[in-house]
Undergrad: 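Got a structure for you, written out below as structure tokens; questions coming shortly.
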Amino acid sequence: MPKLAPAEAAQPVVSPVSSAAMFLVLTVAEGGEDAVRDVVPDLTAYARAVGFGYPEAGLACVTGFGSAVWDRLFAGPRPVELHPFVALDGPRHRAPSTPGDILLHLRAERLDLCYDFADQVLTRLGDAVRVVDEAHGWRYHDRRDLLGFVDGTENPEGIEAVAATLVDAERDPEFVGGSYVVVQKYLHDIASWKALTDREQESVIGRTKAGNVQLPDAALPKTSHVALNTIAGPDGEEQAILRANMPFGSFRDGEAGTYFIGYCATPRVTEQMLRNMFLGDGEGHQDRILDFSTAVTGGLFFVPPTGFLDDPPPAPAVDERAADSPAPPASTRHMDGSLGIGSLKRS
Ligand code: HEM
């Protein structure tokens with residue numbers, strides 16, 4: 001594989017803020033591994049096929065794989081920091097770890113393109129996968145969450161976003177340009193939130209609501225979302241993740257929420273933020289946003305570089321796989337995967 005800088009090798013992790021997004025979490029059925037492996041090299045081609053005619057819509061598709069499925073799909077080295085999402089049991093709030101083998105994070109200015117991409121890929125995958133979580137997000141006013149606050153302002157940009165999110169050769173030479181992504185679906189208790197004054201809401205978040213400015217240090221509560229998510233590394237440098245959260249809601253289901261998604265070159269930064277939020281900062285301060293937002297899912301995925309997707313390593317040896325899973329049923333084992341729309345598979 002040619003030597004590429006992380007940004008050249010990466011899936012569209014660092015993408016402009018979009019007006020629409022679709023989050024799909026899939027599990028791979030026992031015996032579905034070969035069908036999944038057949039589709040992986042065509043993912044880039046599907047995105048191109050759906051998005052090419054609408055360049056202004058900026059369709060961006062990012063695919064990640066969970067820890068448990070990695071060894072079922074791919075022989076060879078694993079991303080060094082890939083592990084299952086760590087559930088957290090705080091004094092008052094829980095972050096559950098929920099099933100998920102594959103994450104599809106689809107972004108565009110138009111939801112229909114996300115839908116088309118998902119339709120084509122999921123039709124091809126058939127019974128090899130099950131959709132275990134799905135959220136359709138849309139831009140809400142001037143990029144606000146459903147709590148009414150602008151979400152995403154302090155995200156890193158440009159070179160800083162690349163450095164924060166993409167694995168470089170020092171971190172993991174086998175997976176330069178990869179990224180770790182954490183997703184959590186949060187449901188808001190909107191009635192309780194609305195019972196607060198704007199001032200009280202601002203102390204929960206740590207920013208002003210109308211003007212979207214951070215509260216001055218002296219007025220920033222230690223239990224605020226901003227305070228608990230501003231963390232420094234051993235060298236005192238602030239640690240950043242790239243968030244692409246989206247609001248979603250359903251009146252039928254009585255749900256209004258935020259789909260949290262955070263990319264980082266190492267899962268450790270996002271995990272530290274989560275520990276601060278749920279377990280506390282060591283001085284008894286947990287994130288007050290959790291009094292109004294319940295995490296109902298949690299997953300950690302590795303987003304491999306595009307070269308890996310286009311030309312994945314061979315399947316693990318049958319006896320390696322057989323150690324954990326029974327022989328696959330004939331119906332899913334020999335699915336014809338050829339798409340012929342421009343896969344970049346190399347010999
Ligand atoms: C209910 C779910 C969440 C909502 C509604 C939410 C909303 C917000 C809002 C409104 C801000 C302030 C503006 C900005 O984006 O900079 C913010 C900041 C931030 N959030 Fe969240 N967030 C949620 C979950 C999370 C989670 C789970 C994490 C980390 C694991 C996180 C990490 C951050 C970080 C790093 C900042 C920037 C802090 C700073 O430097 O000022 N958020 N969030």
Side-chain angles (χ1 to χ4, degrees), residues 11-13 15 18 20-54 57-66 68-70 72-74 98-138 181 183 185 244 246 248 250 253 259 261 296-297 299-304 306 308-310 312 315 325 328-345:
Q11 295 191 52
V13 165
S15 280
S18 66
M22 198 178 277
F23 304 91
L24 291 164
V25 177
L26 320 176
T27 51
V28 177
E30 276 177 10
E33 295 87 355
D34 288 347
V36 171
R37 285 179 38 78
D38 275 349
V39 171
V40 166
D42 288 332
L43 288 169
T44 318
Y46 276 119
R48 215 174 25 242
V50 174
F52 187 74
Y54 307 93
L59 176 65
C61 309
V62 172
T63 307
F65 299 93
V69 86
W70 188 276
R72 290 168 60 200
L73 293 177
F74 310 120
T98 50
D101 290 328
I102 297 179
L103 171 74
L104 295 175
H105 177 205
L106 315 176
R107 281 176 277 185
E109 287 309 292
R110 306 166 33 159
L111 194 58
D112 60 339
L113 300 184
C114 302
Y115 185 88
D116 269 357
F117 175 89
D119 184 26
Q120 296 201 32
V121 170
L122 292 176
T123 302
R124 171 103 174 267
L125 286 167
D127 292 342
V129 298
R130 201 155 74 82
V131 180
V132 289
D133 190 30
E134 173 170 0
H136 298 187
W138 20 261
V181 60
V183 290
K185 189 178 187 174
M246 274 282 177
F248 65 90
S250 155
D253 299 333
Y259 205 94
I261 179 160
V296 293
T297 69
L300 168 66
F301 303 85
F302 182 70
V303 173
T306 46
F308 181 100
L309 282 190
D310 294 341
S325 46
S331 58
T332 50
R333 197 165 160 78
H334 298 295
M335 284 179 83
D336 174 17
S338 96
L339 177 67
I341 60 167
S343 139
L344 298 175
K345 198 163 191 155

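Computation of the quantities below employed the complete heavy-atom set of this structure, encompassing side-chain atoms and omitting hydrogens, waters and symmetry-equivalent molecules.
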Undergrad: Working to the nearest 0.5 angstrom, can you tell me the gap between Leu43 CG and Arg48 CZ?
TA: 11.5 Å
Undergrad: Name the orientation class of the two ring planes belonging to Trp70 and Phe65 (parallel below 30°, tilted from 30 to 60°, perpendicular beyond 60°).
TA: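 Ring orientation of Trp70 relative to Phe65: perpendicular.
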Undergrad: Could you grab the distance from atom SG of Cys61 to atom CE of Met22, nearest 0.5 Å is fine?
TA: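 The CE atom of Met22 is 10.5 Å from SG of Cys61, to the nearest 0.5 Å.
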Undergrad: Looking at CG of Leu24 and CG of Leu103, how far apart are the two atoms once the value is rounded to the nearest 0.5 Å?
TA: 8.0 Å
Undergrad: Taking only residues two or more places apart in sequence or in another chain, which ones pass salt bridge (Lys or Arg N to Asp or Glu O under 4.0 Å) with Asp112?
TA: Arg110
Undergrad: Which atoms form the tightest heavy-atom contact between Val69 and Asp101, and what is the distance?
TA: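 For Val69 versus Asp101, the nearest heavy atoms are CG1-O, 3.4 Å.
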Undergrad: Restricting to side chain to side chain contact (heavy atoms under 4.5 Å, CB included), what partner residues turn up for Pro99, sequence neighbours left out?
TA: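 Side chain to side chain contact (heavy atoms under 4.5 Å, CB included) check on Pro99 returns Thr27.
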Undergrad: For the residue pair Phe23 and His105, establish whether any side-chain heavy-atom pair is separated by less than 4.5 Å.
TA: yes
Undergrad: Leu111 and Ala20: which non-hydrogen atoms are nearest, and at how many Å?
TA: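 For Leu111 versus Ala20, the nearest heavy atoms are N-CB, 3.7 Å.
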Undergrad: Between Pro304 and Leu309, what is the shortest heavy-atom contact and its length?
TA: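 That closest heavy-atom pairing would be CG-CD2, 4.0 Å.
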Undergrad: Once ring-ring contact (aromatic ring centres under 6.0 Å, His included) is applied, do any residues pair with Phe248, and if so which ones, sequence neighbours excluded?
TA: none
Undergrad: State the CG-CG distance between Leu106 and Leu59, to the nearest 0.5 angstrom.
TA: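 The CG atom of Leu106 sits 7.0 Å away from the CG atom of Leu59.
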Undergrad: Does any N or O in the side chain of Arg107 come within less than 3.5 Å of the main-chain N or O of Ala244, such that one atom is a donor and the other an acceptor?
TA: no
Undergrad: Any side-chain heavy-atom pair from Val36 and Leu125 closer than 4.5 angstrom?
TA: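 SC-SC contact between Val36 and Leu125 confirmed.
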Undergrad: Measuring from Gln120:CD to Tyr115:OH, what's the distance to the nearest 0.5 Å?
TA: 11.5 Å
Undergrad: Verify, without hydrogens or angle tests, whether Thr297 (side chain) and Thr98 (backbone) share a donor-acceptor contact under 3.5 angstrom.
TA: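 No, because the side chain of Thr297 does not come within donor-acceptor range (under 3.5 Å) of the backbone of Thr98.
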Undergrad: Return the minimal non-hydrogen interatomic distance between Gln11 and Val303, and the atom names on each side.
TA: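 Taking every non-hydrogen atom into account, NE2-CG1, 3.3 Å.
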Undergrad: At their closest point, which heavy atom of Pro12 faces which heavy atom of Val62, and how far apart are they?
TA: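 Result for this residue pair: O-CG2, 3.5 Å.
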Undergrad: Applying ring-ring contact (aromatic ring centres under 6.0 Å, His included), can you list everything that pairs with Phe117, at least two apart in sequence or on another chain?
TA: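 For Phe117, no residue satisfies ring-ring contact (aromatic ring centres under 6.0 Å, His included) once neighbours in sequence are set aside.
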Undergrad: Quick one: does Arg37's side chain have a donor or acceptor within less than 3.5 Å of a partner on Leu73's backbone?
TA: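 Judged by distance alone, yes, a pair lies under 3.5 Å.
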Undergrad: Does any part of the side chain of Ser18, heavy atoms only, come nearer than 4.5 Å to the side chain of Met246, both counted from C-beta?
TA: yes
Undergrad: With the side chain counted from C-beta on, respond yes when Phe301 and Val183 share a heavy-atom pair under 4.5 Å apart, and no when they do not.
TA: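 They are in side-chain contact.
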Undergrad: Output all residues satisfying salt bridge (Lys or Arg N to Asp or Glu O under 4.0 Å) with Asp116, sequence neighbours left out; order by chain, then residue number.
TA: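 If we apply the salt bridge (Lys or Arg N to Asp or Glu O under 4.0 Å) test to Asp116, skipping adjacent residues, there are no hits.
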Undergrad: Measure the spacing between NZ of Lys185 and CG of Asp133 and express it to the nearest 0.5 Å.
TA: 4.0 Å
